[in-house]
Amino acid sequence: MSVILAIESSCDETSVAVCNNGKITANVIANQTIHQNYGGVIPELASRVHQQNIIPVVQQALIDANVSKKDINAVAFTRGPGLLGALLVGVSFAKSFALALDLPLIAVNHMHAHILAHFIEDPKPTFPFLCLTVSGGHTQIVIVRDFDQMEIIGETMDDAAGEAFDKTAKILNLPYPGGPLIDKHAKNGNPLAYTFPVPQIKNFDYSFSGFKTAILYFIRDKVKENPNFIEENLDDICASVQHSIVNILLIKLKKAALEYGIKDIAIAGGVSANSGLRATLQEEAKKLGWNVFIPAFEYCTDNAAMIAIAGHYKFMKNDFVGQDVAPASRMEF
Ligand code: KG4
Ligand code: ZN
């Protein structure tokens with residue numbers, strides 16, 4: 001019997017969830033709209049807004065789950081990777097809450113949690129499976145052998161896929177976060193209107209830095225010829241950029257699936273909400289005989305339900321941390 005309170009504060013979402021014996025009974029997410037004015041997440045503002053939001057969001061989660069503080073058996077929290085100041089708010093809250101109620105603490109890796117979001121609802125993947133984890137800060141191909149056995153076999157050398165979406169949106173004068181807006185405009189555009197270079201990177205690794213620059217120069221040159229180029233061709237530009245990013249992601253994913261002989265393929269992280277990626281993955285699955293696992297939209301972008309489910313599996317293994325735990329801004333812990 002376990003009731004786990006889970007806290008996520010790694011970037012610009014303050015989220016709190018409750019997991020009751022492996023079932024998510026609350027998942028409250030407070031989005032920070034303040035960053036829209038700046039074209040990207042401002043770390044210090046994120047920390048301050050987490051500090052304002054954390055208590056009300058916890059209270060709402062307890063109401064939604066219909067539990068009181070005394071029903072909780074453990075507190076799970078995102079230890080990292082993420083923005084240090086933002087993580088500190090969630091980690092400090094979790095520690096204080098656990099200390100006051102004499103509860104064990106569970107430290108969760110945010111990127112592992114994105115993958116474990118697949119265990120919130122059916123159908124659940126079986127081990128081993130391959131997961132393309134694509135977010136605002138990471139792009140990884142991971143072999144998932146068990147809940148706590150994950151091997152990164154490929155990752156970006158520089159920028160993440162989410163950054164490629166967000167940076168393109170910024171060049172196109174769209175507000176942050178641009179990924180969902182590019183997705184929206186892409187629905188009405190021609191994906192083959194413009195072509196962009198595919199980075200030539202070794203093994204299963206990625207690179208999006210040169211790709212971003214190619215888009216910047218392409219738009220700059222086109223706007224020189226026609227100052228209204230963006231407005232007149234927005235849908236086609238978005239469709240073409242999205243098509244290129246999805247193509248880049250899929251080339252390496254297919255290569256990894258073939259090399260490791262794995263046909264159970266999942267996607268996770270904020271960019272897994274992209275309709276182009278979801279549709280292309282389904283098409284490839286039909287051609288290649290893959291079983292694909294695509295998370296529900298609410299579990300793609302940052303949320304505490306994924307921290308709660310990761311916490312649930314750690315709770316069953318008594319995998320706890322002490323009160324001396326601190327945030328980890330890098331992947332390894
Ligand atoms: O996983 P996430 O919520 O936060 C991080 O851990 O980084 O991912 C956020 C990223 C942002 O770059 C955002 O633009 C992107 O996910 N994103 C999308 C879509 N929804 C969110 N990118 C493309 N299409 C979408 N529909
Ligand atoms: Zn994330």
Side-chain angles (χ1 to χ4, degrees), residues 6-15 17 27 29-33 35-36 39-41 43 46 50 77-83 86-87 90 108-118 131-140 142 155-156 159-172 174-187 189 191 206 208 211-212 238-249 266-281 294-307 309-310 329-331:
I7 316 289
E8 155 62 32
S9 73
S10 64
C11 193
D12 59 340
E13 259 90 31
T14 317
S15 183
N27 183 34
I29 304 173
N31 298 110
Q32 301 186 358
T33 50
H35 307 287
Q36 281 170 5
V41 177
H50 281 308
F77 62 92
T78 302
R79 185 176 169 207
L83 303 171
L87 288 166
V108 174
N109 178 310
H110 181 88
M111 298 312 294
H112 292 182
H114 269 303
I115 297 173
L116 296 179
H118 283 285
C131 188
L132 172 70
T133 317
V134 268
S135 70
H138 294 82
T139 303
Q140 301 173 332
V142 183
E155 63 188 323
T156 183
D159 300 323
E163 276 173 279
F165 273 106
D166 296 338
K167 204 27 149 344
T168 303
K170 203 169 175 182
I171 296 167
L172 299 174
L174 298 170
Y176 178 86
L181 291 168
I182 297 213
D183 193 349
K184 191 171 150 221
H185 285 286
K187 291 196 171 99
Y206 291 104
F208 284 101
F211 178 83
K212 263 175 23 185
C238 289
S240 301
V241 170
Q242 177 171 298
H243 176 77
S244 298
I245 296 175
V246 170
N247 179 40
I248 293 167
L249 291 172
I267 52 173
V271 179
S272 65
N274 183 266
S275 55
L277 177 59
R278 295 164 84 96
T280 311
L281 194 71
I294 299 177
F297 282 109
E298 59 189 309
Y299 303 131
C300 290
T301 45
D302 289 349
N303 65 87
M306 67 187 196
I307 307 302
I309 200 79
S329 53
R330 292 179 57 79
M331 215 24 221

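Whatever order the structure lists them in is the order used to number ligands and atoms, beginning at 1. Atoms considered below: every heavy atom in the structure, side chains included; atoms not considered: hydrogens, waters and symmetry mates.
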>> Please list, in number order, the atoms of ligand 1 under 4.0 Å from a heavy atom of Thr301.
In response: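 Result: 3 (O), 21 (C).
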> Against heavy atoms of Gly137, which atoms of ligand 1 measure under 4.0 Å?
Replying inline: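 Result: 7 (O).
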Would one find an N or O of [X], backbone or side chain, under 3.5 Å from an N or O of ligand 1?
X	answer
Glu163	no
Glu13	no
His114	yes
Phe165	no
Ser275	no
Gly136	yes
Pro177	no

>> Is it the case that atom NZ in Lys212 sees more than 12 heavy atoms from other parts of the structure closer than 6.0 Å?
In response: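 Enclosed.
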> More than 12 non-hydrogen atoms from neighbouring residues, nucleotides or ligands closer than 6.0 Å to NZ on Lys184, yes or no?
Replying inline: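 Counting neighbours around NZ of Lys184, 12 or fewer heavy atoms of other residues, nucleotides or ligands fall under 6.0 Å, so no.
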Find out whether [X] and [Y] are in side-chain contact, i.e. whether some heavy atom of one side chain is under 4.5 Å from a heavy atom of the other.
X	Y	result
Glu155	Val142	no
Val134	Leu277	yes
Leu249	Thr139	yes

>> Assess, by modelled atom type and distance only, whether the side chains of Asn27 and Glu298 contain a donor and an acceptor separated by less than 3.5 Å.
In response: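 Looking only at side-chain atoms, Glu298 and Asn27 do not form any donor-acceptor pair under 3.5 Å.
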>> Below 2.8 Å, which protein N, O or S atoms neighbour the Zn ion (ligand 2), ignoring water?
In response: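 Listed by chain and number, the nearby protein N, O or S atoms are His110 NE2, His114 NE2, Asp302 OD1.
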Answer yes or no: is there a donor N or O on one side and an acceptor on the other, between the side chain of [X] and the main chain of [Y], under 3.5 Å?
X	Y	result
Ser15	Glu8	no
Asp166	Gly179	yes
Asn109	Met111	yes
His118	Ile267	yes
Arg79	Leu87	no
Ser9	Ala86	yes

> With respect to atom 24 (N) of ligand 1, which of Thr78, Val134, Asn274 exhibits the smallest heavy-atom separation?
Replying inline: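 Going through Thr78, Val134, Asn274 one by one, Asn274 has the nearest heavy atom to atom 24 (N) of ligand 1.
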> Which one of Gly270, Gly162, Gly179 has a non-hydrogen atom at the shortest distance from atom 20 (N) of ligand 1?
Replying inline: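 Checking each option, the heavy atom nearest atom 20 (N) of ligand 1 is found in Gly270.
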> For atom 26 (N) of ligand 1, what's the nearest protein heavy atom and its distance?
Replying inline: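 Atom 26 (N) of ligand 1 sits closest to the protein heavy atom Asp183 OD2, 2.9 Å.
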> For atom 3 (O) of ligand 1, what's the nearest protein heavy atom and its distance?
Replying inline: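 For atom 3 (O) of ligand 1, the nearest protein heavy atom comes out as Asp302 N, 2.9 Å.
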>> So for Lys184, does at least one of its heavy atoms come nearer than 4.0 angstrom to any atom of ligand 1?
In response: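 Flag not set, Lys184 not near ligand 1.
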> Can Cys11 be said to touch ligand 1, with heavy atoms closer than 4.0 Å?
Replying inline: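 Not so, Cys11 does not reach ligand 1.
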> When you look at Gln140 and Thr133, which way does the side chain to side chain donor-acceptor pair (under 3.5 Å) test go after all the steps?
Replying inline: CA-CA 5 Å; Gln140 301 173 332; Thr133 317; 4.6 Å; no
> Taking the inter-plane angle between the rings of Phe211 and Phe208 on a 0 to 90° scale, is it parallel (under 30°), tilted (30 to 60°) or perpendicular (over 60°)?
Replying inline: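 Aromatic pair Phe211/Phe208 classed perpendicular.
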> Between Asp166 and ligand 1, which part of the residue brings a heavy atom under 4.0 Å of the ligand: side chain, backbone, both or neither?
Replying inline: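 The part of Asp166 near ligand 1 is the side chain, not the backbone.
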>> For His110, which part has a heavy atom under 4.0 Å from ligand 1: side chain, backbone, both, or neither?
In response: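 His110 to ligand 1: side-chain contact only, backbone stays beyond 4.0 Å.
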